[in-house]
Amino acid sequence: MSNEPEILNVIRDKRKSMSKGQKKIADYLLKHYDKAAFLTAMELGKKVNVSESTVVRFAACIGLSGYPKLQKKLQGMIRDKIHSMDRIEIANSNIPQEKILDTVCKADADKIIDTLKLIDRKAFCVAVNLLLRGKNIYIIGLRNCSPLASFLAYYLKLVRPGIILIKSSNTNELLEELLHISSQDVLLSISFPKYSFRTLKAMEYANDRNATIISVTDSKYSPMNMYSSCNLFARSDMASVVDSLVAPLSVINALIVAVCLKRQQSLISNLELLGGVLGNYQIGENDEIDMLDENVLEELRKMS
């Protein structure tokens, strides 16, 4: 029993003094904490046939400030132990096939709402200013975070020069790409569980070079925070085949919009320049909707 995680020992020790409804919750958690970690208070209550308020009181009974604290402790126990097939089984047991679309979209929406409660607005403003003032902006996001990094780099390049996307998945090559990073530069790192060791090493190197580091990650417990001076937290955990990265993408989208609004004239000039380059060198190929629509440019001019 001593080998069990601390939270399970607390639940077992306090079970005798619990109400009948709370004992039902305790028994379920002791047997199925892996599945309970991804249930809301209401869903857990339905599982054991008690009210949502009973679930909330249960969390207080074991010394926690609320159900989200209990949920995070349970998720922390299993985060690194769940393999892909286990995650599929958990998801299938909780989401009927015909409700997958509604359930996943609702869960993603909830992640964005939670992120709005979690994120530090001052840190967000600091990040925007750093992205504007840094001599070079290095961006790294590996594995499942690679699309987020590419998305951010693509749009920042429309606003300012000096945007460098780190693409290598090899640690040696990655550090080569960061070789000349300096105290005048900024490294923006994106990583969510399971955290990327290579991203962490890149941050360590940038820190040693006195670069300013922004992290986009999931919580204050993320190892990314060891090296970053500006932390933007977004919810990402989700019991399904893949982790939800909708909330992190929303934060990144907000960074792009904030930077663009600060540099509207640069954006207009660069869009017009790009349009001329594509036209002059005949490489547009008519393969996409015109990003330089005059109505869009006119709106930007009015705002600037």
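- Linking Ile, Leu, Val, Met, Phe, Trp and Tyr whenever their side-chain heavy atoms come within less than 4.5 Å puts Y155 and L152 in one cluster.
- S219 pairs by the side chain to side chain donor-acceptor pair (under 3.5 Å) definition with nothing, not counting sequence neighbours.
- S53 and S51 share a side-chain donor-acceptor pair at under 3.5 Å.
- Between R198 and I140, every side-chain heavy-atom pair lies at or beyond the 4.5 Å cut-off.
- Heavy-atom neighbours of R133 CZ from other residues, nucleotides or ligands within 6.0 Å: at or below the threshold of 12.
- Between I7 and L70 there is a side-chain heavy-atom pair separated by less than 4.5 Å.
- Residue K14 places its NZ atom among 12 or fewer non-hydrogen atoms of other residues, nucleotides or ligands, all under 6.0 Å distant.
- A chain of hydrophobic side-chain contacts below 4.5 Å, direct or via other Ile, Leu, Val, Met, Phe, Trp or Tyr residues, connects L8 to I25.
- A chain of hydrophobic side-chain contacts below 4.5 Å, direct or via other Ile, Leu, Val, Met, Phe, Trp or Tyr residues, connects L245 to Y154.
- With values rounded to the nearest 0.5 angstrom, L249 atom CG is found 13.0 Å from S236 atom OG.
- By the 4.5 Å heavy-atom criterion applied to side chains, L200 and M224 are counted as neighbours.
- Pairing each heavy atom of N207 with each of I213, the nearest pair is N-CD1, 3.7 Å.
- Residues F192 and V216 form a side-chain contact, since some pair of their non-hydrogen atoms from C-beta on lies under 4.5 Å apart.
- Residue N49 qualifies as open at atom CG: its count of foreign heavy atoms under 6.0 Å is 12 or below.
- For D218 and Y195, the side-chain atoms include at least one donor-acceptor pair closer than 3.5 Å.
- The closest side-chain heavy-atom distance from K117 to I113 is below 4.5 Å.
- With T54 contributing its side chain and V50 its backbone, the two residues share no donor-acceptor pair below 3.5 Å.
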Just do the salt bridge (charged side-chain N to carboxylate O under 4.0 Å, His left out) check on K106 and D110 with the steps written out, would you?
CA-CA 6 Å; K106 174 64 165 58; D110 288 342; 2.9 Å; yes
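- Closest of all the heavy-atom pairs between R235 and P248 is O-CD, 3.5 Å.
- Checking each of V186, I166, I163 against I139 for a side chain to side chain contact (heavy atoms under 4.5 Å, CB included) leaves exactly one that passes, namely I163.
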Worked check of side-chain contact (heavy atoms from CB on, under 4.5 Å) between V55 and Q22
CA-CA 7 Å; V55 176; Q22 290 173 342; over 6 Å; no
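- Residues A202 and L175 come closest through the heavy atom pair CA-CD2, 4.4 Å.
- Here CD1 of I164 is found 9.0 Å from NZ of K157. Values are rounded to the nearest 0.5 Å.
- Between F58 and M18, the closest side-chain pair of non-hydrogen atoms falls below 4.5 Å.
- The salt bridge (charged side-chain N to carboxylate O under 4.0 Å, His left out) test with D27 is passed by exactly one of K47, R15, K20: R15.
- Through side-chain heavy atoms spaced under 4.5 Å, either directly or across other Ile, Leu, Val, Met, Phe, Trp or Tyr residues, F233 is tied to L118.
- Nearest heavy atoms, T115 versus A247: OG1-CB, 3.3 Å.
- For the atom pair NZ (K220) and CG (D120), the distance works out to 12.5 Å, reported to the nearest 0.5 Å.
- When all heavy atoms of S191 and C145 are compared, the pair lying nearest together is CA-SG, 3.9 Å.
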Pair T212, S229 - check side-chain contact (heavy atoms from CB on, under 4.5 Å), show working.
CA-CA 7 Å; T212 303; S229 59; 3.7 Å; yes
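- Partner I214 forms a side chain to side chain contact (heavy atoms under 4.5 Å, CB included) with one of L130, V126, L255, V128 and no other, that one being L130.
- Here the side chain of Q71 pairs a donor or acceptor atom with the backbone of L39 at under 3.5 angstrom.
- Using a distance-only test at 3.5 Å, with no hydrogens or angles considered, no donor-acceptor pair links the side chain of R209 to the main chain of S182.
- The distance from atom CG of L29 to atom CD1 of I11, rounded to the nearest 0.5 Å, is 4.5 Å.
- Partner of V159 under the side chain to side chain contact (heavy atoms under 4.5 Å, CB included) criterion, chosen from V259, L131, I256: V259.
- L148 and I112 fall into different hydrophobic clusters, where Ile, Leu, Val, Met, Phe, Trp and Tyr residues are linked whenever their side-chain heavy atoms come under 4.5 Å apart, directly or through other members.
- Note on L116: it does not cluster hydrophobically with F124, by side-chain heavy-atom contacts below 4.5 Å among ILVMFWY residues.
- Within 6.0 Å of the NZ atom in K201, the count of heavy atoms belonging to other residues, nucleotides or ligands does not exceed 12.
- L30 has its side chain within reach of R12: a pair of non-hydrogen atoms, C-beta onward, lies under 4.5 Å apart.
- By the neighbour-count criterion of 12 heavy atoms within 6.0 Å, atom CE of M42 is sparsely surrounded, having that number or fewer from other residues, nucleotides or ligands.
- Put simply, the side chain of Y205 reaches to within 4.5 Å of the side chain of L179, judged on heavy atoms.
- Contact detail for S215 and S228: the closest heavy-atom pair is OG-OG, 3.2 Å.
- In summary, K46 and E43 do not engage in a salt bridge, as defined by a charged side-chain N under 4.0 Å from a carboxylate O.
- Side chain to side chain, N225 and S222 fail the donor-acceptor criterion of an N or O pair below 3.5 Å.
- Remark: T40 OG1 to L44 CG distance equals 8.0 Å, nearest 0.5 Å.
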Chi angles and distances behind the side-chain contact (heavy atoms from CB on, under 4.5 Å) call for I252, I190:
CA-CA 10 Å; I252 287 170; I190 308 168; 3.7 Å; yes
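- Between D185 and K135 there is no salt bridge, since no side-chain nitrogen of the basic residue lies less than 4.0 Å from a carboxylate oxygen of the acidic one.
- With values rounded to the nearest 0.5 angstrom, R160 atom CZ is found 12.5 Å from C260 atom SG.
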